[in-house]
Amino acid sequence: MRLDAAVDPSGRPSDAVRHLAWINAAAQRSFRNPIDEAITATADGSEPAVHMIDELPYDFSRRRLTVLVRVGGTTMVVTKGAVEEVLGCCDLDQQARTAAHEQFTALSARGVRVLAVATRHVAEPPPAVLEPVHESGLVLAGFLCFSDPPKPDAGAALAELAALGVSTKLVTGDNRYAAAHAAAAVGLDTAEIVTGAAMARLMDDELTAVAVRAAVFAEVEPLQKERIVRALRAGGHTVGYLGDGINDAPALRLADVGISVDSAVDIAKHTASVVLLDKDLGVLGEGIRQGRRVFANTLKYVQVTISANFGNMVSMAVAAVVLPFLPLLPRQILLLNFLSDIPGTTIAADNVDREAVSDPHGWDVARLRRFMITFGLISSAFDIATFVVLRVGFDAGAELFRTGWFLESTATELVVMLVLRTRRPWYRSRPGTALLASSLAVAAITVAIPFSPLADSLGLTAPTPSLVAALAAITVLYVAATELAKRFFDSARDRSSVPVRKRLDGPPAGTKGRLPGGDGTFDSHRSAPIGVIDEP
């Protein structure tokens, strides 16, 4: 941020206004902030010596900072702050007040942040303590114009978030005109600007509808930021809030994910769930993509594991009833689990389909239960088919039966990971290198074990080539059945599932519209998708 101009009430450049602003900024002792730093940075050595007497620090209800100082032999009150609040402390006739508002509007329309400066002389002896009553009868000195442009890559970063199904809302204490200019510069919809005054007249359910619809909120107070987050969450949306100031703390605390930066004030960093080390909105897009990859791979492991375990449990229960011997020995079960879990350790680095990253997803316990039952029972069906082939087709005794089911169980658990890891046809989604290599390696080891010296100690025996071929055919049929069932399962889910987040189609990014009038009423009833609330 930088101070671009200091002008008198008519809009002419004024060194006197800049000097008054410097006095106010240099004298205040409350806390450093970008505005005061931008003002003091304009010092050219001609500034007078200032003796500080007292101050009324800035707060979010008064929205102004006032100091009582002695400059030379003159004692004065100098106030700077939001234009409406400072004008309310000035003695102005209606014509002068209207002219000041017009000048403020014209300056704001250029996209600059505008503050007002006012002053008055104080009779000697001055009061020892400055009180709100002394913020009256002021003379409007002029306006300060600050430039705080968006970063060049901000628009592209927000477009990237939109492509990920996340919409951005601008929530700021700045006036509606500056907020509209900043929002349009980064591609946000400015058809509807919601002011803090308008929000104050809305009931909670009304605000929920407005918060979903509008993309820009201006002239809001800290607790209204929190109220916006609460309204969006009440509407069923997942909300991330990005802020770095003291006034952002309530909203950061309430949001599903509070996000700040390492240059933020301490309370914002302590309240936030995530602190970004790089002040770059693009980091959020990459974080969302990484998070969705982690979630997708976690879900793959959970789905495959619970369905395989459920199927094995059913198969073991059936085998225990119909067989005169144990279908697998404990050491064989342990070896099977060990081998089949090796590819599972690589699933975290697996490739994730593009469509799984482009849209948000959440936990759906009911779907997981249906998945477990559906694919677990398919696995059990092929296990039972294997039992029939082994006992009827090959007249297998205990040792050969255990060998056959050991091979079939391991093979099907390996291939089902490759089939169920994607919603696409399995041959159109390339698995991660580690997953594919470990699966092939484990498959080779599994087939080799019954022919190795370890077979006797494990209770296995070498199968005949015809048995290996039969088990391979069962595995191929299992892949085909699972692939077919997956397509039906996902189709049924698409028809019946409820989206993780509500999403409403809105106007194109960057759509421009008229600003509301002074009463803060709304100009349109468009809808917009919801995701991240952001205050640059």
Side-chain angles (χ1 to χ4, degrees), residues 297-298 300-350 371-373 375-387 389-391 394 396-421 434-464 467-468 470-472 474-475 478-479 482:
N297 283 334
T298 302
K300 293 175 190 178
Y301 183 82
V302 170
Q303 289 180 156
V304 173
T305 301
I306 63 173
S307 59
N309 288 345
F310 177 74
N312 287 339
M313 179 187 69
V314 173
S315 300
M316 190 67 75
V318 171
V321 171
V322 301
L323 294 176
F325 49 80
L326 286 176
L328 285 176
L329 298 176
R331 57 182 179 272
Q332 294 167 346
I333 295 175
L334 291 174
L335 179 61
L336 188 158
N337 285 338
F338 173 73
L339 291 173
S340 61
D341 281 346
I342 290 176
T345 63
T346 68
I347 199 70
D350 188 27
F371 192 100
M372 175 188 73
I373 294 172
F375 294 99
L377 292 179
I378 291 174
S379 174
S380 294
F382 278 87
D383 281 341
I384 294 171
T386 303
F387 297 166
V389 169
L390 289 170
R391 292 291 285 174
F394 291 88
E399 194 172 57
L400 183 60
F401 181 94
R402 291 165 185 159
T403 301
W405 194 28
F406 173 81
L407 293 174
E408 186 268 347
S409 293
T410 307
T412 53
E413 287 201 30
L414 292 175
V415 297
V416 80
M417 175 70 80
L418 300 176
V419 174
L420 295 182
R421 56 171 291 278
L435 175 60
L436 182 59
S438 61
S439 297
L440 293 175
V442 169
I445 293 171
T446 301
V447 174
I449 286 176
F451 299 95
S452 73
L454 296 174
D456 289 340
S457 60
L458 292 172
L460 301 175
T461 186
T464 63
L467 177 56
V468 172
L471 295 175
I474 292 173
T475 302
Y478 174 66
V479 169
T482 302

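As the structure is a computational prediction, the values presented were derived from the model and not from experiment.
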Pairwise distance NZ(Lys300) to OG1(Thr305) - rounded to 0.5 angstrom: 13.0 Å

Interatomic spacing from CG in Leu435 to CG in Leu440 - rounded to 0.5 Å: 9.5 Å

Ser307 OG to Leu377 CG distance, which is reported to the nearest 0.5 Å: 10.5 Å

Pairing residues for Ala443 by the side chain to side chain contact (heavy atoms under 4.5 Å, CB included) criterion, not counting sequence neighbours: Leu414

Qualifying residues under side chain to side chain donor-acceptor pair (under 3.5 Å), relative to Arg421, sequence neighbours excluded: Asp350, Ser429

Closest contact, heavy atoms only, Gly376 versus Phe310: CA-CD2, 3.9 Å

Minimal non-hydrogen separation, Ile342 against Ser438, with atom names: CG2-CB, 4.4 Å

Interatomic distance, Tyr301 atom OH to Ile347 atom CD1 [nearest 0.5 angstrom]: 9.5 Å

Donor-acceptor contacts under 3.5 Å from residues 311-325 side chains, at least two apart:
{"from": "Asn312", "atom 1": "ND2", "to": "Ala308", "atom 2": "O", "distance (Å)": "3.3"}
{"from": "Asn312", "atom 1": "ND2", "to": "Glu413", "atom 2": "OE2", "distance (Å)": "2.9"}
{"from": "Ser315", "atom 1": "OG", "to": "Gly311", "atom 2": "O", "distance (Å)": "2.9"}
{"from": "Ser315", "atom 1": "OG", "to": "Ser380", "atom 2": "OG", "distance (Å)": "3.4"}
{"from": "Ser315", "atom 1": "OG", "to": "Asp383", "atom 2": "OD2", "distance (Å)": "2.6"}

Atom pair CZ (Arg402) and CG (Leu326), whose distance is rounded to the nearest 0.5 Å: 6.0 Å

Leu418 vs Ser439, side chain to side chain contact (heavy atoms under 4.5 Å, CB included): CA-CA, chis, key distance, verdict: CA-CA 9 Å; Leu418 300 176; Ser439 297; 4.3 Å; yes

Side-chain atoms of residues 447-458: list all donor-acceptor pairs with protein atoms under 3.5 Å, sequence neighbours left out, distances to 0.1 Å.
{"from": "Ser452", "atom 1": "OG", "to": "Ile449", "atom 2": "O", "distance (Å)": "2.7"}
{"from": "Ser452", "atom 1": "OG", "to": "Leu454", "atom 2": "N", "distance (Å)": "3.2"}
{"from": "Ser457", "atom 1": "OG", "to": "Leu454", "atom 2": "O", "distance (Å)": "2.9"}

Test side chain to side chain contact (heavy atoms under 4.5 Å, CB included) applied to Val302 - qualifying residues, sequence neighbours left out: Thr298, Ile306, Trp363, Leu368

Side chain proximity check, Tyr478 to Ile378, heavy atoms < 4.5 angstrom: yes

Shortest non-hydrogen separation from Leu336 to Ser409 and the atoms involved: CD1-CB, 3.3 Å

Interatomic distance, Leu460 atom CG to Leu335 atom CG [nearest 0.5 angstrom]: 7.5 Å

Flag side-chain contact, heavy atom, 4.5 Å: Gln303 against Leu420: no

Full working for side chain to side chain contact (heavy atoms under 4.5 Å, CB included) between Thr475 and Phe382: CA-CA 8 Å; Thr475 302; Phe382 278 87; over 6 Å; no

Those residues that, when tested against Phe387, pass ring-ring contact (aromatic ring centres under 6.0 Å, His included) (two or more places apart): Phe401, Trp405

Residue list, side chain to side chain contact (heavy atoms under 4.5 Å, CB included) with Val419, at least two apart or on another chain: Trp426, Val479, Thr482, Glu483, Lys486

Test side chain to side chain contact (heavy atoms under 4.5 Å, CB included) applied to Thr446 - qualifying residues, sequence neighbours left out: Leu339, Phe406, Leu407, Thr410, Val442

Sequence neighbours excluded, every pair satisfying side chain to side chain donor-acceptor pair (under 3.5 Å) that has a member inside residues 327-339: none

